[in-house]
Amino acid sequence: MSELTTHNSIQGIRSAIGAARVKGKRIGLVPTMGSLHDGHLDLVRAARANNDVVVVSIFVNPLQFGPGEDFDAYPRSLAEDQQKLGDAGVDLLFAPGVEAMYPDGQEHQAEVRLPSLTQILCGEGRPGHFDGVGTVVLKLFNICTPDNAYFGEKDYQQLLLIRTLAHQFDFPTRVHGVPTRRADDGLALSSRNQYLTDEQRAKAPLLQQTLQDIAHGINAGAKQYDRLVQTGKLALRAAGFDVEYLEVRDAATLGEAGATGDLRIMVAANIGRARLIDNIGVER
């Protein structure tokens with residue numbers, strides 16, 4: 001395949017993928033909600049390097065938005081996204097509507113729940129969010145039957161959730177994490193960054209700097225992570241952030257950090273209309 005082909009129906013994308021399967025092609029899937037930036041294209045490049053056919057999905061999933069969140073306002077730019085995907089060498093775009101994905105209605109849709117990962121950190125502040133994420137991704141795995149699927153490490157909690165669900169539900173799909181793409185000043189790329197005013201955008205890199213300061217403290221031998229975290233929270237609040245959480249967690253489980261094992265420093269904070277998340281790893 002050489003030109004981007006767009007399918008809106010499950011039957012259409014299954015037929016196209018089935019035709020590739022008959023020829024022995026390996027399938028790589030990049031699930032997105034559209035409004036694509038260079039971070040998404042990094043996922044595409046990773047998929048392109050290791051698969052014969054690259055499938056990208058664009059679906060703004062209502063199940064993962066809570067009451068009062070930005071589902072209606074979430075940026076949508078399908079025509080621009082199609083151009084970017086075509087230029088990046090994507091073969092198939094799956095862009096279904098809500099009715100195609102949830103034909104029985106959202107209120108009747110069975111959902112997937114993994115309490116150990118969905119009720120902490122982002123899940124605590126956004127009840128039901130990760131149930132919606134897990135549900136739609138498993139549906140996409142069923143529909144597209146990928147050999148490989150690609151997710152950004154910026155959404156680290158989501159990445160662990162999808163890996164765990166793929167394992168527990170016996171999907172043969174291998175779930176790959178791709179490093180976070182950042183602007184020159186360190187801000188993690190996100191579709192929601194466009195909500196930032198110029199003044200807020202100038203302050204936003206403080207999120208990454210705060211994570212780096214905590215990591216530096218840990219690498220220098222600090223054992224009392226709470227002190228590092230409290231210092232970080234004070235700096236963010238002084239800059240105008242409403243801090244949802246700033247935590248040092250076990251990298252493998254996102255449970256409490258123990259005396260051994262790698263760590264992940266996680267943050268979510270609001271500034272203006274934008275809810276920003278970021279994380280970095282610390283090897284021990």
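Start at 1 with the first residue, then count along the sequence.
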Looking at [X], I want to see if its [atom1] is surrounded by more than 12 non-hydrogen atoms of other residues, nucleotides or ligands under 6.0 Å.
X	atom1	result
E111	CD	yes
K25	NZ	no
Q106	CD	yes

If I compare all heavy atoms of [X] with all of [Y], which pair ends up nearest, and what's the gap?
X	Y	value
A73	Y195	O-OH, 3.6 Å
N148	N50	ND2-O, 4.3 Å
C144	V55	SG-CG1, 4.4 Å
L196	A204	CD1-CB, 4.1 Å
V53	D91	CA-OD2, 3.3 Å
D81	G34	OD2-CA, 3.4 Å

Does [X] reach the side chain of [Y], with side-chain heavy atoms less than 4.5 Å apart?
X	Y	result
L228	Q224	no
F65	H129	no
L63	D131	no
F71	V60	yes

Give a yes or no on whether the backbone of [Y] and the side-chain of [X] come within a donor-acceptor separation of less than 3.5 Å.
X	Y	result
Q157	I120	yes
Q230	R227	no
T135	V112	yes
D147	I27	yes
K139	M101	yes
S191	S35	yes
R113	G134	no
N193	A188	yes
S15	Q11	no
H176	Y150	no

Steps toward side-chain contact (heavy atoms from CB on, under 4.5 Å) verdict (L85, V44): CA-CA 8 Å; L85 295 176; V44 168; 4.2 Å; yes
Residue that, paired with D278, satisfies salt bridge (Lys or Arg N to Asp or Glu O under 4.0 Å) out of R181, K154, R182: R182
Would you call [X] and [Y] a salt bridge, taking side-chain N to carboxylate O under 4.0 Å as the test?
X	Y	answer
E153	R264	yes
D185	R201	yes
R273	D70	no
K203	D198	no
R126	E69	yes
D262	R284	no
R45	D38	no

Please test E124 against Q119 for side-chain contact (heavy atoms from CB on, under 4.5 Å), starting from the C-alpha separation and ending with a verdict. CA-CA 5 Å; E124 183 176 357; Q119 297 178 6; over 6 Å; no
Step-by-step side-chain contact (heavy atoms from CB on, under 4.5 Å) determination, T253 to D250: CA-CA 6 Å; T253 66; D250 179 87; 3.2 Å; yes
Full working for side-chain hydrogen bond (donor to acceptor under 3.5 Å, both in side chains) between T210 and D213: CA-CA 5 Å; T210 299; D213 290 345; 5.4 Å; no
Quick check for you: to the nearest 0.5 Å, what is the distance between [X] atom [atom1] and [Y] atom [atom2]?
X	Y	atom1	atom2	answer
L263	L254	CG	CG	11.0 Å
R275	S190	CZ	OG	10.0 Å
T180	L189	OG1	CG	9.0 Å
R163	T173	CZ	OG1	13.0 Å
T32	N61	OG1	CG	11.5 Å
I162	L117	CD1	CG	10.0 Å

Given the ring of F59, does R76 sit roughly above its face, with NZ or CZ under 6.0 Å from the centre of the six-membered ring and within 45° of the axis?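 Checked: cation-pi criterion not met.
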Under a single-linkage definition using a 4.5 Å side-chain heavy-atom cutoff for Ile, Leu, Val, Met, Phe, Trp and Tyr, are [X] and [Y] assigned to the same hydrophobic cluster?
X	Y	answer
L246	I280	yes
L121	I265	no
L187	I277	no
V136	L92	yes
L276	L234	no

Option among L93, T6, L36 that satisfies the side-chain contact (heavy atoms from CB on, under 4.5 Å) test with L78: L93
Before we go on, tell me: are the rings of H7 and F94 under 6.0 Å apart, centre to centre? no
Given F151 and V175, is the side-chain contact (heavy atoms from CB on, under 4.5 Å) satisfied, shown in steps? CA-CA 8 Å; F151 297 84; V175 177; 3.8 Å; yes
